[in-house]
Amino acid sequence: QVRLVEFGGGSVQAGGSLRLSCTVFGYAYRPYCMAWFRQAPGKERAGVARISSGGTSSYADSVKGRFTVSQDNAKNTLYLQMNSLKPEDTAMFYCAAAYDHSDSWCHDSQWQAFPYWGQGTQVTVSS
């Protein structure tokens, strides 16, 4: 059974930073694809950042230059470093993972295609 556990959400002022983490338990191999999604009130769940097992990353246009996704394979952990946070970044952030897929799948798929999810962590950015 694959289980993802998230940590690092909180409340910050605009311009501040947060670092989210997502640790994978219960599987012998690291996921081929890991991703961060977020969902704000009244909005659909949207992709934020993704990274495939070879280290290829992609980002939503709204976070490019501000967010960085990375992974520590020894710790089975995914990270999202968020800098220069804006009020519009306020959302519930979710970590997601998938196995046995291609790079194109990893970077193009919508949230409904990901089978494994973290519990979510709230990020609130005030003006």
Nearest atoms (heavy-atom pairs only) where Ala40 meets Ala91
N-CB, 3.8 Å
Short side-chain to backbone donor-acceptor contact, Gln71 and Leu78, under 3.5 Å
no
Please round to the nearest 0.5 Å and tell me the distance separating atom OH of Tyr79 and atom CZ of Arg19.
5.5 Å
Closest heavy-atom pair and its distance - Gly47, Ala60
O-CB, 3.4 Å
Quick one, Phe67 and Leu85 - any side-chain contact, counting heavy atoms below 4.5 Å?
yes
Tell me whether the count of non-hydrogen atoms from other residues, nucleotides or ligands lying under 6.0 Å of CD in Glu88 goes above 12.
yes
For Ala98 and Pro31, which heavy atoms make the closest approach, and how far apart are they?
O-CB, 3.5 Å
Taking the side chain as every heavy atom from C-beta outward, state whether Val12 and Met82 have any atom pair closer than 4.5 Å.
no
Separation between CG (Leu4) and OG1 (Thr23), nearest 0.5 Å, reads 8.5 Å
Taking the side chain as every heavy atom from C-beta outward, state whether Val2 and Tyr99 have any pair of such atoms under 4.5 Å apart.
yes
Among side-chain atoms of Thr124 and Thr90, is any donor-acceptor pair under 3.5 angstrom?
no
Can you check side chain to side chain contact (heavy atoms under 4.5 Å, CB included) on Ser58 and Arg50, steps first, answer last?
CA-CA 5 Å; Ser58 61; Arg50 306 153 188 257; 3.7 Å; yes
For Phe7, is the CZ atom crowded, meaning more than 12 foreign heavy atoms sit under 6.0 Å from it?
no
Atom CG of Leu20 and atom OG1 of Thr77: how far apart are they, to the nearest 0.5 Å?
12.5 Å
Has Thr56 got a side-chain atom pairing as donor or acceptor with Ser52's backbone, closer than 3.5 angstrom?
no
Please report the shortest heavy-atom distance between Tyr94 and Glu6, naming the atom on each side.
CA-OE2, 3.3 Å
Evaluate Val63 against Arg38 for side chain to side chain contact (heavy atoms under 4.5 Å, CB included), listing each step before the verdict.
CA-CA 12 Å; Val63 307; Arg38 64 185 179 186; 3.8 Å; yes
Can Val125 be reached from Trp36 by stepping across I, L, V, M, F, W or Y side chains whose heavy atoms are under 4.5 Å apart?
yes
Should Asn83 and Ser17 be marked as a side chain to side chain donor-acceptor pair (under 3.5 Å) after you check the CA-CA gap, both sets of side-chain angles, and the distance that decides it?
CA-CA 4 Å; Asn83 298 325; Ser17 298; 2.9 Å; yes
Could you tell me if the side chain of Cys33 sits less than 4.5 Å from the side chain of Phe114, heavy atoms only?
yes
Side chains of Trp117 and Cys95: does their closest heavy-atom pair fall under 4.5 Å?
no
Please check if atom CD in Gln119 has more than 12 non-hydrogen atoms from other residues, nucleotides or ligands closer than 6.0 Å.
yes
Cationic N near anionic O, under 4.0 Å, Asp89 to Lys86
no
Locate the shortest heavy-atom distance separating Leu80 from Ala49; write the atom from each residue and the value.
CD1-CB, 4.1 Å
Nearest-0.5 Å distance that lies between atom CE in Met92 and atom CZ in Arg45:
9.5 Å
When hydrophobic residues are tied together by side-chain contacts of less than 4.5 Å, even through go-betweens, does Phe93 share a cluster with Val24?
yes
Quick one: does any side-chain atom of Tyr59 pair with a main-chain N or O of Val69 as donor and acceptor, under 3.5 Å?
yes
Say you draw a straight line from CE of Met34 to OH of Tyr116; how long is it, rounded to the nearest 0.5 Å?
12.5 Å
Looking at OG of Ser11 and CG of Leu18, how far apart are the two atoms once the value is rounded to the nearest 0.5 Å?
8.5 Å
Is the CD atom of Gln112 crowded by more than 12 outside heavy atoms at less than 6.0 Å?
yes
